[in-house]
Structure formats: C-alpha cells, structure tokens
Amino acid sequence: QVQLIESGGGLVQAGVSLRLSCTASGRTFSTSVMGWFRQAPEKEREFAAVISSSGSITYYTDSVKGRFTMSRDNAKNTVYLQMNSLKPEDTAVYYCAAGPPGTPYYGSRSWIQEQSYDYWGQGTQVTVSS
C-alpha cells in the first residue's frame, strides 16, 4: 500500500520557521517528481513547490519564493519543505504529492497542476498567527 505521510505542521507566530516532512512508503519514490500543495480555509488547493527526482531542480509559487525551500533525501524516501519567515497568509493544510515513477521533470508547467500527481498525503495543518 502506497502512503505519503506528512508531519511537522503546527501553530506558530508570524516570522518563525517550520519544517514539514513527507515520508513515502509502499514503493520507492526516488524517480518521482514530488510536490507540495496547500489549501487555505475556504480556498481551493494551490501549488506551493516542486522538486525533481534528483533534487537538482526546484520551483516555487511566487508567494513563497525566497522563504520556502524544498529538498529531498531519496535514501530516506522523504521530502522536506523548510518554511521561513512565515506569514498569516501561509495558514493552510499542506499536502505532499508524488508524480508517476520515472516521469521526467521537463519544466514546471505540468507540475503546478494537481492532475500531474498520482499519490497524495492526508495533509498537515500549518497555522500562523499574527
């Protein structure tokens, strides 16, 4: 059974940092592009960050550029989202997603779309107070 399990969320004050983790099980994800999406209250889920299978390429939505860093440790089947200088508008449920194994990155256009991913985690809540 393939699972993606997110952790690291919580309630924090604006300006601090959090690191989210997403650990995969059931198959290896070392050849999968991995993404982070988020869903704020009463809003649709949106793309936040993506990383290529090797970890050499990352891409971020404009609102998190310079503050969030996505990384991965393929030996641990885990991806991370380091979130610095958090703002109240970062409040959301954060979801980890995995693309099909072996599908190349080839640019961000497809990977900002939910339908490009075939496995999703249950999400972890991040709440940033002002």
Side-chain angles (χ1 to χ4, degrees):
Q1 181 181 1
V2 177
Q3 280 189 310
L4 298 177
I5 300 176
E6 302 97 335
S7 61
L11 170 62
V12 297
Q13 289 191 325
V16 303
S17 300
L18 276 178
R19 188 176 81 156
L20 306 183
S21 299
C22 170
T23 300
S25 62
R27 67 166 173 86
T28 182
F29 284 81
S30 61
T31 65
S32 292
V33 173
M34 301 291 290
W36 283 100
F37 286 71
R38 63 184 185 179
Q39 186 168 19
E42 301 182 359
K43 292 188 176 181
E44 293 189 354
R45 189 158 58 184
E46 65 174 7
F47 166 80
V50 62
I51 192 167
S52 62
S53 58
S54 68
S56 62
I57 303 172
T58 54
Y59 179 79
Y60 304 92
T61 192
D62 285 347
S63 60
V64 309
K65 281 180 183 175
R67 300 187 299 120
F68 290 12
T69 302
M70 188 173 183
S71 61
R72 66 191 298 162
D73 184 339
N74 284 339
K76 295 182 178 179
N77 244 11
T78 299
V79 295
Y80 305 97
L81 187 66
Q82 177 67 41
M83 306 186 296
N84 298 331
S85 302
L86 282 162
K87 304 176 180 180
E89 51 262 45
D90 295 318
T91 294
V93 177
Y94 283 73
Y95 297 91
C96 171
T103 303
Y105 181 73
Y106 284 161
S108 62
R109 179 177 296 183
S110 63
W111 298 109
I112 65 175
Q113 300 177 45
E114 293 187 31
Q115 55 263 38
S116 295
Y117 300 85
D118 55 1
Y119 286 104
W120 292 81
Q122 294 298 305
T124 185
Q125 176 71 47
V126 173
T127 303
V128 185
S129 63
S130 57

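Residue numbers start at 1 and run along the sequence shown.
- A distance below 6.0 Å separates the ring centres of Y117 and F37.
- In this structure, D62 pairs ionically with K65, as a charged nitrogen and a carboxylate oxygen lie closer than 4.0 Å.
- Side chain of N74 to main chain of S53: a donor-acceptor pair is present (N/O by atom type, distance under 3.5 Å, no hydrogens or angles).
- In the displayed structure, K43 atom NZ is contacted under 6.0 Å by at most 12 heavy atoms of other residues, nucleotides or ligands.
- The minimum heavy-atom distance linking E6 with G121 is given by the pair OE2-CA, 3.2 Å.
- The number of heavy-atom neighbours closer than 6.0 Å to CD of E42, taken from other residues, nucleotides and ligands shown, is 12 or below.
- Minimum heavy-atom separation, F47 to Y59: CZ-O, 3.6 Å.
- The two residues Q113 and R109 have their closest heavy-atom pair at NE2-O, 3.3 Å.
- Nearest approach of A92 to A40, heavy atoms of both residues: CB-N, 3.7 Å.
- In this structure, NZ on K87 lies 8.0 Å from OG on S85, to the nearest 0.5 angstrom.
- By the 4.5 Å side-chain criterion applied to Ile, Leu, Val, Met, Phe, Trp and Tyr, V128 is assigned to a cluster that also includes V2, L4, V12, V16, L18, L20, F29, M34, W36, I51, Y60, V64, F68, M70, V79, L81, M83, L86, Y94, Y119, V126.
- If you take CD1 on I57 and OG on S52, they are separated by 4.5 Å, rounding to the nearest 0.5 Å.
- With hydrogens and angles left out, the side-chain atoms of R38 and S63 include a donor and acceptor closer than 3.5 Å.
- Looking only at side-chain heavy atoms (C-beta outward), Y80 and T69 stay at 4.5 Å or farther from each other.
- Q122 CD to C22 SG: the interatomic distance, rounded to the nearest 0.5 Å, is 11.0 Å.
- Note that CG of N77 is 4.5 Å distant from OG1 of T28, once rounded to the nearest 0.5 Å.
- With sequence neighbours excluded, the residues forming a side chain to side chain contact (heavy atoms under 4.5 Å, CB included) with T31 are P101, listed by chain and number.
- Taking CZ of R19 as the start and OG of S7 as the end, the distance is 9.0 Å to the nearest 0.5 Å.
- Few gaps surround CD on E46; more than 12 heavy atoms of other groups in view lie less than 6.0 Å from it.
- In this structure, W111 and T103 have side chains that are in contact, with non-hydrogen atoms separated by less than 4.5 Å.
- S116 places a side-chain N or O within 3.5 Å of a backbone atom of S110 that can act as its donor or acceptor partner.
- A search for side chain to side chain contact (heavy atoms under 4.5 Å, CB included) contacts involving Q39 returns R45, Y95, not counting sequence neighbours.
- Residues T78 and S21 come closest through the heavy atom pair CG2-CB, 4.4 Å.
- For the residue pair T91 / T127, no side-chain donor-acceptor distance below 3.5 Å is found, with atom types taken as modelled.
- Between S129 and P88 the shortest heavy-atom distance is C-CG, 4.5 Å.
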